[in-house]
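Convention: sequence-line order gives letters A, B, ...; per-chain numbering from 1. Model, not experiment: these values are computed from the prediction.
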Amino acid sequence: MLDVRRVRTEPDALKAGLARKGVAGEEVDQLAELDRRRRELSEQRDDLRARVKTLSKEVGGLRRAGEVEQAEALMAESRDLGAREKAVSADADVVAGELRELLLRIPNVPAAEAPDGAGEADNVVVRVEGFDPDAYGEHQRVPHWDVGAALGILDLGRGAKISGSMFPLYRGAGARLVRALTSWALDRHADAFEEIRPPSLVRTDAMVAAGQLPKFADDAYHLERDDLWAIPTAEVPLTSLASGEILAEADLPVRLTAATPCFRREAGAAGRDTRGLLRVHEFDKVEILAYATPEQAPAVHADLLARAESLLAELGLAYRVLDICTGDLGQSHARQFDLEVYAPGCDLWLEVSSVSWFTDYQARRADIRYRRAGDGGVEHVHTLNGSALAWPRIWAALVETGRRPDGTVVLPEVLAPWLGDTTVG
RNA sequence: GGAGGGAUGGCAGAGCGGCCGAUUGCGGAGGUCUUGAAAACCUCUGGGCGAGAGCCCCGCGGGUUCGAAUCCCGCUCCCUCCGCCA
């Protein structure tokens with residue numbers, strides 16, 4: 001969420017920034033008006049409270065002195081003030097609630113460096129690595145759902161029987177491949193990231209803090225009976241890990257990694273890209289996340305991106321890096337790079353990672369702050385995170401890329417310690 | 001699931017209707033002393049809103065009262081015992 005004070009201190013800059021994400025100027029004006037009314041009402045409320053407090057102290061003194069009659073008079077006056085305070089206070093709460101609700105729905109301001117654009121089509125391809133369209137043979141032009149079915153390592157029919165479509169079931173070497181990828185990736189981040197195994201069901205607060213709610217409630221699975229949400233990404237529990245806390249600057253950046261299942265209803269995407277593993281309701285992903293000072297944030301962002309990229313390179317996959325334009329940026333995001341791998345069988349670029357910088361937008365929702373080493377001042381941290389990586393589409397790209405003319409598949413050598421045999425079929 | 005106990009500042013731990021945003025100890029910062037250090041002593045040391053005056057925060061949300069950290073109700077979390085169980 002944005003700092004309301006910016007509405008007062010730099011309304012024009014704020015409007016200009018939000019306009020790049022398509023937010024109308026009226027919304028900022030609406031914020032300004034609610035903020036003005038909120039402060040006006042809280043001032044009235046504070047004045048009334050101050051008078052009640054003063055009177056109450058006098059009552060105490062008079063009663064001790066035995067001046068019962070005078071005390072009674074003050075009590076009556078205070079009772080009256082109290083009633084007025086209650087009314088003003090209720091109004092103040094209503095306005096504060098409206099302000100917060102609006103604030104929770106207004107997106108983050110994009111970073112100055114983020115490219116302008118209206119939507120997906122305007123994202124900028126920053127670089128393409130390891131891709132030569134002529135280097136793929138006919139044997140690699142088989143989609144992973146066919147390869148997986150032929151080798152008995154992907155059983156979409158059984159998954160659908162148990163849970164419905166878009167709930168994949170991997171088996172044998174296919175299941176082991178997912179486990180290998182997870183173990184390998186966690187180990188690759190172990191040099192700088194603390195491994196966390198967070199809960200997969202979280203409270204509403206955690207979903208709000210990460211920016212999933214209130215806007216994207218339809219995309220998340222909700223367990224009504226217990227009022228818990230199935231996490232759509234480890235970003236949710238990891239962001240709330242430090243909620244309500246004040247960290248020491250010396251401890252920053254805090255770097256965390258976690259492998260978790262991720263659950264997505266994909267409510268708005270029914271029927272689109274649903275073949276095979278292109279879009280699924282449940283998948284495993286390794287996430288890397290950091291809390292940093294504003295000064296550290298750009299370097300941390302670059303490091304997260306470099307880590308996700310190096311994993312793709314080590315897996316021998318062709319990939320490209322997209323600088324996400326303002327029109328396609330997520331609600332909480334100031335800057336975002338997406339990584340897409342090339343899957344020759346589907347002949348598609350598949351998004352497998354999103355490396356994001358949220359400035360203090362999430363930290364403000366989650367109330368994560370740090371104490372500056374120099375002057376001891378307290379301010380919100382910056383949060384950053386990236387997938388490194390999300391496995392289903394990697395699984396698809398590996399199986400398609402590694403397919404040989406005889407129909408068997410060769411998997412990357414780096415996974416040998418977990419796979420044993422890197423040849424499938 | 002049942003019974004009981006608890007939640008106060010970085011930590012420990014008082015306070016149980018007014019003089020309490022809160023005694024004290026530890027920890028932390030600075031200073032005096034010292035060749036230097038230790039010890040001793042002194043001072044300071046939570047967060048939020050607000051231009052300020054001031055207001056809010058003693059797990060969270062309500063209530064009682066002129067006045068609530070203190071009384072009442074609900075919720076959450078932690079601990080102990082019993083039950084169940086991967």
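For the P atoms, the distance linking B:G67 with B:C57 amounts to 14 Å, nearest Å. A distance of about 12 Å separates the P atoms of B:G48 and B:G10, rounded to the whole Å. Between B:C72 and B:U64, the two P atoms lie 15 Å apart (nearest whole Å). Taking the P atoms as reference points, B:A37 lies 11 Å from B:G31, given to the whole Å. A gap of 15 Å separates the C1' atoms of B:U24 and B:U45, to the nearest Å. With C1' as the reference atom, B:U8 and B:A22 are 9 Å apart, rounded to whole Å. With P as the reference atom, B:A51 and B:C44 are 29 Å apart, rounded to whole Å. B:C71 and B:A7 have their P atoms separated by 11 Å, with the value rounded to a whole Å.
Bracketed by its first and final contacts, the part of RNA chain B lying under 4.0 Å from non-hydrogen atoms of chain A reaches from B:G18 to B:C77 in 5' to 3' order.
Between A:Trp391 and A:Trp184, the angle of the ring planes lies from 30° to 60°, which puts this pair in the tilted group.
A salt bridge links A:Arg36 with A:Glu40: at least one charged nitrogen is closer than 4.0 Å to a carboxylate oxygen. Salt bridge A:Arg372/A:Glu249: absent, no basic N to carboxylate O contact under 4.0 Å.
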Check the pair A:Arg203 / A:Asp227 against salt bridge (charged side-chain N to carboxylate O under 4.0 Å, His left out), numbers first and verdict last. CA-CA 7 Å; A:Arg203 295 176 189 277; A:Asp227 195 18; over 6 Å; no

Would you check, one step at a time, whether the test salt bridge (charged side-chain N to carboxylate O under 4.0 Å, His left out) holds for A:Arg38 with A:Asp35? CA-CA 5 Å; A:Arg38 194 204 85 225; A:Asp35 178 52; 3.1 Å; yes

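Using Watson-Crick or G-U wobble geometry with both donor-acceptor distances under 3.5 Å, B:U76 finds its partner in B:A7. Using Watson-Crick or G-U wobble geometry with both donor-acceptor distances under 3.5 Å, B:C44 finds its partner in B:G28. As the counterpart of B:A14, no nucleotide is assigned, since no Watson-Crick or G-U wobble pattern has both distances under 3.5 Å. Look at B:C71: its Watson-Crick or wobble partner, with both distances under 3.5 angstrom, is B:G63.
A:Arg279 contributes no side-chain N or O that, together with a main-chain N or O of A:Met166, makes up a donor-acceptor pair within less than 3.5 Å. A:Ser78 contributes no side-chain N or O that, together with a main-chain N or O of A:Leu74, makes up a donor-acceptor pair within less than 3.5 Å.
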